[in-house]
Novice: 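Questions regarding the structure given below will be posed in turn.
Because only heavy atoms are used, hydrogens play no part in the values below, and waters and symmetry mates are left out as well, while side chains stay in. Remember, it's 1-based here, ligands and their atoms both numbered in the order they're listed. We number each residue from 1, following the sequence as shown.
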Amino acid sequence: MQNKSGKAVVARVLLPAGLELLEQRFEVSQGGLDVTREQLEEMVPGAIALVPDPSVPVDGELLDLCGEQLEVVSNFAVGYDHVDLEACSDRGIVVTNTPGVLTEATAELALMLTLSAGRLAGDAERDLRSGLWTGWNPGAYLGLELRGATVGVVGLGRIGLRYAEMVSALGAEVLYTASSRKVEAEKQFGFGWTDLEDLLRRSQVVSIHAPGGEGTRGMIGRRELELIGPEGVLINTSRGTLVDSDAVAEALEEGRLAAAGLDVYDGEPAVPESLLSAPRCVLLPHIGSASHISRDGMARLAAENAIAVVDGLEPASRVV
Ligand code: GLV
């Protein structure tokens with residue numbers, strides 16, 4: 001092992017599985033969960049490796065504050081829409097992320113939201129807790145069964161594909177849309193490729209697995225919700241920017257959408273008031289990858305990527 005040299009800045013926190021590796025190689029400082037931009041700007045000068053998470057915007061200004069010795073932005077997440085890739089490339093800084101290790105946890109969470117939103121578990125539990133449950137009612141909380149339902153998967157990357165396999169195993173027909181066709185998955189699982197508009201029209205469940213960023217901002221707005229229609233269930237475990245939250249809340253209030261299950265929000269941790277009070281909506285606090293296995297895997301991979309770049313090796317998962 002090389003001698004400990006150089007400074008690594010973890011913008012917020014890294015779990016021990018990764019932190020211990022990082023500390024063997026670098027002098028490490030962590031900003032903590034409540035770090036402010038100002039505090040981060042004071043911490044980063046001299047860093048050779050910067051480890052942000054999805055709540056930390058990494059822009060040219062921050063990179064310049066780190067200084068010319070900065071070699072790597074090792075993102076502690078798979079999504080990197082908060083990192084200005086062009087600014088990194090322009091400065092010769094490598095960007096890495098943590099794909100693969102969180103696929104199972106995130107696909108399972110999307111499945112959980114599909115089942116809990118589709119079966120109105122959020123409303124049912126809230127009613128029970130607040131004393132509104134008055135007994136077994138054959139007409140109450142009627143929801144969706146996956147067998148025979150059409151599930152539309154928007155984005156068939158690792159997580160979208162795993163989710164598609166899961167709902168398919170429960171008897172759903174899968175349609176997908178993606179930037180490129182996945183012929184193997186079509187052959188192996190019988191998934192059908194189509195465009196977004198057709199998918200929205202034909203699916204009872206629409207689950208979003210596309211990346212965030214300007215290219216996908218507002219992908220699901222009023223018009224798209226009309227296409228999903230009053231029998232439809234919308235699931236989002238990718239990034240909040242893809243979905244117009246107010247439009248979702250309005251559609252739920254007005255009975256133009258059957259249910260929604262959301263784990264991510266534009267501007268999180270703020271959650272729009274309209275969604276908090278909307279019916280038939282299960283809301284989670286961005287916990288897609290929150291299993292012990294996944295979060296340890298992410299922390300380890302983020303540390304290994306940072307160390308590899310500084311050691312002059314190719315990191316396992318390079319973005320640019
Ligand atoms: C979490 O949101 C991730 O992108 O890993």
Novice: Before giving the answer on salt bridge (Lys or Arg N to Asp or Glu O under 4.0 Å), spell out for D123 and R126 the whole-Å C-alpha distance, their side-chain angles and the decisive distance to 0.1 Å.
Specialist: CA-CA 5 Å; D123 284 17; R126 277 190 294 280; 2.6 Å; yes
Novice: Which ligand 1 atoms, with their elements, are less than 4.0 angstrom from a heavy-atom of H286?
Specialist: 1 (C), 2 (O)
Novice: Taking atom types as modelled and ignoring hydrogens, do the side chains of Y163 and T237 form a donor-acceptor contact shorter than 3.5 angstrom?
Specialist: no
Novice: Strictly by modelled atom types, are S317 and N305 linked by a side-chain donor-acceptor pair under 3.5 Å?
Specialist: yes
Novice: Relative to atom 4 (O) of ligand 1, which among R239, R295, H82 owns the nearest non-hydrogen atom?
Specialist: R239
Novice: Considering only protein heavy atoms, which is closest to atom 5 (O) of ligand 1, and at what distance to one decimal place?
Specialist: V78 N, 2.8 Å
Novice: Any N or O on G79 sitting closer than 3.5 Å to an N or O of ligand 1?
Specialist: yes
Novice: My understanding is that only one of T216, I235, V153, L242 makes a side chain to side chain contact (heavy atoms under 4.5 Å, CB included) with I208; could you say which?
Specialist: L242
Novice: Under a 4.0 angstrom heavy-atom cut-off, which atoms of ligand 1 come close to L102?
Specialist: 5 (O)
Novice: Quick one: sort the Y176 and F191 rings into parallel, tilted or perpendicular, breaks at 30° and 60°.
Specialist: perpendicular
Novice: Just let me know how T98 lines up against ligand 1, side chain, backbone, both or neither, with a heavy-atom cut-off below 4.0 Å.
Specialist: neither
